[in-house]
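Every heavy atom of this structure was used, including side-chain atoms; hydrogens, water molecules and symmetry mates were not. Below, read A as the first sequence line, B as the second, and so on, with proteins coming before strands; counting in each chain starts at 1.
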Amino acid sequence: MIEPNGSGSTLPGPTGPQVLFASVDEFLNWGRTNSLWFLQFATACCGIELMQTGCSRFDTDHLGMLPRSSPRAADVMIVAGTITHKMASRVRTLWEQMAEPRWVISMGSCANAGGPFSKYSYSVLNGIDKLIPVDVYVPGCPPRPEALIDGTEALKERIRKYQMFGIRDTEAIVIE
Amino acid sequence: MKNDELFGLLQVLYPDVSSTVAETGEIQWQVPTGIFLEVARTLKDDPRFAFDSLMCLSGLDLSKYPTAVKGEFVGELLACVYHLHSFEHGHEVCVSVTVPKDETASIPSVEPIWLVAGYFEREILDLYGIAFPGNHDPRRLMMPEDWIGHPLRKDYQYPSNYSTWELKREGQNFTSGPYA
Amino acid sequence: MSHEIQEQNDDLITINMGPHHPSTHGVLRLVIQTDGEMVKTCKPEIGYLHRSIEKIGENLEWYQFVPYTDRVDYVCSMNANLAYCLGVEALLNTKPETAVEIPLRADCIRVLFAELNRISSHLVGVGAAAMDMGAYTPFLHGITQREFINDIFEKTCGARLTYNYICIGGVMRDLHQGAEAEIRAFLDQLEPAMHSFNALITTNTIFRGRYAGVAPISREKAIAYGMVGPNLRASGVDWDLRRDRPYGIYPKLKFAVPVGGAYGGSKGVLGDCYDRYIVRLLEIVESIKICRQVLDMMPPPAEQADDPVGGYRVDVTKKLRTPPKGGIYTRVENPRGETGYYLVSDGSKMPYRLKIRTGSFTSLSIFETLVPGLMVSDVVALIGSLDIVLPEVDR
Amino acid sequence: MNFGPVQQSIAASLASWGVPHSGSELAALLILLLIPFGVAFSIAGVAQYFERKVSAVVSRRFGPSTAGGEGILRLVVSCAFFFLPAATRARLEKTVANLPGVKQVLFVVSYLGLGQIVADGLKMFLKEDIVPRAADRFLFRGATYVLLLASFVALVAMPISQNFYLSDFSVAALYVSAVTSVGVVGLLMAGWGSNNKYSLLGGVRAVAQIVSYEIPIALTIATVAMWSGTLSLHGMIAAQYHPGVLSFLGWNLFQSPFFLILSVVYYTAGLAECNRTPFDFSESEQELIGGVGTEYSGLRWGLIFIAEYTDMILVGGIFASLFLGGYQSPIGEQWIVALPPVWEALVHGAIFCAKFLASIGVMMWLRWTLPRFRIDQVMRMAWVRLIPLSLICLFLLAASMLWFGHDGQVAQVIHGRFVSSLVVRPEGWQTASVWGATILVVAVLVVLAKKYGDPKPMPEDVRKALVGGEG
């Protein structure tokens, strides 16, 4: 097990926050937060809500978020919908194909912890945090578009503290 | 055409076809598996029946189904219920085939007759374990390939893990319903 | 990697239009073998969204299952609710002592909201079909109209997508204040909006070139493969459950049933993708008429009744504890075709078996025979025209 | 080294500042090179932002409108005052942001979302550059450089203005169409190199499309060369000179009806050349996920897009020089020619930029309204419709030139540029009769198409229900 320096990259990194790169990091993070391209991993009802969030009324484009269909060109992976056992390996491979600094938003209670199908269903995976590290959980079934945009704001708060060569905060954020 | 007149016609052709009436008024024609294929063929081709559309094909696990006598069950049986509809005459009918609930459970596939049956049968093969010889692609439809057991059976025990991840979340007891 | 195709032909490329693909409307996986652009074989793989809703149905009481019907078909969950509730009511009505009587106003609200949801479901289906062909803007105009309907539903039922509004014995609560005026205003502005939508995309020669004459389904093949709803009517079969097996207040309504007719111009064939697309658009026009008729004939709310529209009725829950024993199969006209519920009850308060037969499931069965010979872009056109929603297929 | 008067004047001014003679000429050339590449690079970045704004306007929503100038302000403040602690720097930045003038500017920039350009570029710059293990490393990396090479090298021949240009080949038009076909190799390298079935399909489709659409482009260029007598872009533009205020009458577009048809043919082929909808196969999102760019991440993917937008600039520029009189202004040309060289370069350059930006705007507008062709329809369109049409126009134009009669190869000097062209002297009635004949033929064709074109038109009641009054 490599000793995690937190930034997810295998570079041998120092442990404390980096003063030298602070101001540059702030500027780079401004760039990242204003151009957060998301991979639309839409499976079920939350997928329709994610699509309606991207449309004309709750326009994610005005926040600079473009829907991308290829994992290589995406920064954040929004897992929207129920993940069954058959689908689980795809979530993992798509996450691994994404380019570094990547983040994950788990949208909807199905992705958070199995949602309405967690008790009696034999085929639904209870929560995608068994597969990939999740940064933001957005509750709701399906969550309203405003809740999803609130989730992206919380993620932006985390990205503003992201340091290329420092500790990466991996503790999950839950939107009330 | 009334249901019992239709049944009369079929009775003439195939004597050992029986018909039961449930409390909800649903009339089910019970057809033994041996002659089921020819019965299905005549239901489709015979101009008097002309059932050209298979509306719905559902599997049924009768092992826990209560008989008329209180407190006693039908016995280890699986059933396939075919709901047929005729566009020409406009009448609908419900045919069911019962099979013992073990590895040898198999019903001849009606895919050559009603082409939609292919997917219905694959689903019942996957969720109930009834084999359908003659189906063009007899693979599991819903569950992953390496899944063990047939989930929709009444006595199905939920698995505790699948491939690499553990299914139960901490502090959650996994029940598979009052019948398990 | 799951099961591979048996005969591994070396000069064919095997492409996975896999579970994650922008145009497969969810998690449908098509394992396609192509020779360059021409598709030779296609094996759909489903089950990536199999949430075992039928097993859950067997472990819940009758009225507890209604929220799960929203998740079976989330694009038109009002119709899905209606299908299940009509099924259970039909089961209860088979015996006089457990019969359930629904107030007329509740019946009118049910049909009104079912038709509104049919409009919004077709808007998504038609918009997604145009988006798969590369036209990005019609989809957004369709979703803008859908947002108005979401607002109306949200004010009454409180949710945008999964409403859980129709319950066994009526509807949960009465319409919100000024609902009729709001719905009439929406319907009036919807017609010009649809006219501009059609002027933008439907009569566009590039779009017609891509859709006319592609993957025609003949009348016999449609019936043999159990196609239902707009896909069946596009192949020329004049069959609509709202008119031929009427339920609710549909007998009192007058509406036409649009049927396919090779509208695709010179290259158009009966039952091709363009016909399915046009039948859905014409159904939107019909639904607008139905909504207006229902609004006209809706009785005013009865003031003195403790619950005017049949929600939370104690007598219904008591009857549901001991329903009649046996099975019953009921069918309802859903935007994606006929939704059938085969309910088997063993007299207890939980269903013994609950089989959901949906329109998308059977429209997927035609893929293996229809796709060979098409081009890769035509497969995308076919998926768009069949308007498949994956949880309906996988349940 | 003589690269045009502007380069000489820059070299002269540098020499006056004491730069040795040989160095000043080279320096002047470098400055000259920076300007078009800088402009092209920034226009490509702005085009990406502009595209999202056009898509937003077309679908009734706000385009990008939150990114603003605060990022750059924060960088400037924190780099200028790096010695102050972070807290005071933040407060300082807030006070600067609230200064009266700066506040309004920041609001407008943020409202228009202009910061999006910087933000997208910055983020793409910082993404991990993934080269898939199974990919062919050399092809995968080389593809972006070949694509960029093909589009930027062709920029050299752009006729920006009379005095300021990078080069004035005598075969500039042929040079451009030759160099842009190198881009096809880049697309195929990207398609094959990323070892992904989708990008392979996208790459092969794009190659088939570009190769077959280069023929109508070459034929159009040949026709215009035949008319104006030279292959040099500057020569063609000079041939479109027309004295007087209404100088746009000199443009090729209005010289002959066949040029009108050819301009449509060229613009469609240009759309296909740079893979724009309705011909966008190298990036058709819905069918092939990302097309050629599926496996590319970060700035490498961004470079592919910059190459595509530079192609759009190229197509716009060539279209303007062939048909819209290049850098000549529509209203009166004498007063611009009379200006001193640097001012003339600026005005003509601005007019040239306005023309090709207009053509880019139309390309973007088409992208968000039209659906996409199928690959066999694209091929049929090229081989069955565009190529025969351009051949017919070429033949008819040649016939009309012979009929007009010409007074041999005349050497002319048009505002200081040696132009040897076949000067055609059509009388009034001859041009009128050519225009009249063409309009008549087209009218007859339209009537026939309307009557017999569609044997099974959509039934009238269905059409009325669908399209209603607006049909």
Looking only at heavy atoms, which two atoms of [X] and [Y] are closest? And how far apart?
X        : Y        : result
C/Val393 : B/Met142 : O-CE, 3.5 Å
C/Arg357 : B/Met55  : NE-O, 2.7 Å
C/Ile223 : B/Ser53  : CG2-CB, 4.1 Å
B/Ala22  : C/Gly327 : CB-N, 4.5 Å
B/Ser58  : C/Lys355 : CB-CG, 3.5 Å
B/Thr24  : C/Thr94  : O-CG2, 3.2 Å

Gap separating the [atom1] atom of [X] from the [atom2] atom of [Y], nearest 0.5 angstrom:
X        : Y        : atom1 : atom2 : value
B/Tyr156 : C/Ser52  : OH    : OG    : 10.0 Å
B/Tyr119 : C/Ile366 : OH    : CD1   : 11.0 Å
B/Arg122 : C/Ile46  : CZ    : CD1   : 7.0 Å
C/Glu54  : B/Leu127 : CD    : CG    : 7.5 Å
C/Asp346 : B/Glu23  : CG    : CD    : 11.0 Å
C/Thr362 : B/Trp114 : OG1   : CH2   : 15.5 Å

Margin query: With chain B as the partner, which of C/Pro44, C/Ala224, C/Gly47, C/Gly347 has the greatest number of non-hydrogen pairs under 4.5 Å?
Written below: C/Ala224
Item checked: Portion of B/Val81 that has a non-hydrogen atom of chain C nearer than 4.5 angstrom -> side chain
Next item on the list: Quick one: sort the B/His85 and C/Trp239 rings into parallel, tilted or perpendicular, breaks at 30° and 60°.
Entry: tilted
Note to self: Parallel, tilted or perpendicular: which one describes the rings of B/Phe120 and C/Phe361, with boundaries at 30° and 60°?
What the structure shows: tilted
Quick one: what part of [X] sits under 4.5 Å from any heavy atom of chain B, side chain, backbone, both or neither?
X        : result
C/Leu354 : neither
C/Glu220 : neither
C/Ser345 : backbone
C/Tyr342 : side chain

Note to self: Please check this pair: side chain of C/Arg353 against backbone of B/Leu62, looking for a donor-acceptor N/O pair closer than 3.5 Å.
What the structure shows: no
Note to self: Under a 3.5 Å distance rule, please check whether C/Tyr352 uses its side chain to pair with a backbone N or O of B/Pro66 as donor and acceptor.
What the structure shows: no
Notebook entry, point to check: If you count heavy-atom pairs under 4.5 Å with chain C, which of B/Met143, B/His136, B/Arg140, B/Glu92 comes out on top?
Noted result: B/Glu92
Check: Under the ring-ring contact (aromatic ring centres under 6.0 Å, His included) criterion, do B/Trp147 and C/His50 qualify, and how do the steps go?
Finding: CA-CA 13 Å; B/Trp147 191 264; C/His50 176 61; 9.4 Å; no
Checklist line | Steps toward side chain to side chain contact (heavy atoms under 4.5 Å, CB included) verdict (C/Arg331, B/His83) | finding: CA-CA 11 Å; C/Arg331 308 193 293 173; B/His83 285 87; over 6 Å; no
Checklist line | Atom CD of C/Glu97 with >12 non-hydrogen neighbours under 6.0 angstrom | finding: yes
Checklist line | Side-chain ion pair, B/Lys64 and C/Glu58, N-O less than 4.0 Å | finding: no
Notebook entry, point to check: Hey, does C/Tyr329 have a side-chain heavy atom less than 4.5 Å from the side chain of B/Cys56?
Noted result: yes
